[in-house]
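The structure appears below as structure tokens.
Keep in mind that this is a model prediction, so the values were computed, not measured.
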There are 2 protein chains.
Amino acid sequence: MTVTGNPRRKSLALRRRPPTRRSPRPAIALDALDNHLGYFVRRLQIWIFQDFIRTLAPIHLSPAQFSVLVIVSANRGLSQAELAATLGIERARLVRLLNRLQSRELIARLRSSADSRRHALELTPQGHGVLAQAKILGARHRKRLIEKLGADRHGVLLQALREA
Amino acid sequence: MTVTGNPRRKSLALRRRPPTRRSPRPAIALDALDNHLGYFVRRLQIWIFQDFIRTLAPIHLSPAQFSVLVIVSANRGLSQAELAATLGIERARLVRLLNRLQSRELIARLRSSADSRRHALELTPQGHGVLAQAKILGARHRKRLIEKLGADRHGVLLQALREA
DNA sequence: TATTGTTATACTCTATAACTATA
DNA sequence: TATAGTTATAGAGTATAACAATA
């Protein structure tokens, strides 16, 4: 992932087609991509994940692992299928995610009494501790994101996406 | 990427800020994630890419390949480094992307006369043909996305993200 | 020295399919 | 039959590092 990390700002000479867009930004014409929400959504997602990955690195947690801890903590006893659907990931992938979290003793898989096919997920005390740290780091990340986007644009996006 | 592709309709509400957690089968609480733009951005990106992947499948083009064709077509002669930066992908990954597009004879790497380290990228006639088809399919995808989001929300998001 | 394109490696994620054990 | 969790595998994407040719 490049995107950020591009420190050089120099000779971007040789531009053809000065963009019809009012934004001073795109030296390079986006053409059809300029109408595709997916292009911009992806670029923002890359920025956010890049920053969040670095933010969580000190406690050795990935964004995916963070979201697992958050959801399990707020929904004690939910099943893996429910968790996977909430996070938008494959059940199969969640298994490996949980394996790692369980081997670090951050989460526990309890057998559901009602339906013994299901695992009732819970955070261990250590899991809660790590989550607390992660939330502090997450707040810093959020602050940087708001700085980058501007508070109003951040608010507009959050509201529009929450309702989507 | 699951998210869609899952025939069953599990009714995961993903409601905002469920203040109470009631007994039967309450919507799953997002807790801290509800303030994290990244969570929602990622979910929307998953939906969009899922749909776009299926849309482009008939012409055997991935979203990444589509964006390469669009940018190269609109910026004839640009270098691989510039293209990679525009798309937010690694130079190294772009090499393999281009290898495949070149072996299908959709793009050409010409030696830049000004700087012989650079490759001046161009679409072949076939590349332009495929791109034309892809744009038609892309328009259908966009229509579905607008239906899903609602025209106003789509507009709000596109504008906010373009300026971000 | 720095940059462009390239190769290589390791790891994560995605998309499927199939298996088991329950229901 | 259908569902929950699991295993397996192929392919895509990401993060790095290094190298040759060129500037």
Heavy-atom check, side chain of [X] versus side chain of [Y], under 4.5 Å:
{"X": "B/R43", "Y": "B/W47", "result": "no"}
{"X": "A/H60", "Y": "A/Q65", "result": "no"}
{"X": "B/N35", "Y": "A/R162", "result": "yes"}

**Prompt:** Is there a donor on the side chain of A/R117 or the base of D/dG5 sitting less than 3.5 Å from an acceptor on the other?
**Reply:** no

**Request:** Examine the base of C/dG5 for any acceptor or donor lying under 3.5 Å from a partner atom in the side chain of B/R91, and report the outcome as yes or no.
**Result:** yes

**Prompt:** What is the distance, rounded to the nearest whole Å, between atom CD1 of B/I46 and atom P of C/dT12?
**Reply:** 18 Å

Using a heavy-atom cut-off of 4.0 Å across all strands, would you classify [X] as base, sugar-phosphate, or nothing?
{"X": "A/R96", "answer": "base"}
{"X": "B/S79", "answer": "sugar-phosphate"}
{"X": "A/R100", "answer": "sugar-phosphate"}
{"X": "A/R109", "answer": "sugar-phosphate"}

Listed nucleotide nearest any side-chain atom of [X], set [options]:
{"X": "A/I89", "options": "C/dT14, D/dT16, D/dT7", "result": "C/dT14"}
{"X": "B/Q80", "options": "C/dG5, D/dT14, D/dA23", "result": "C/dG5"}
{"X": "A/A92", "options": "D/dA8, D/dT14, C/dG5", "result": "D/dA8"}

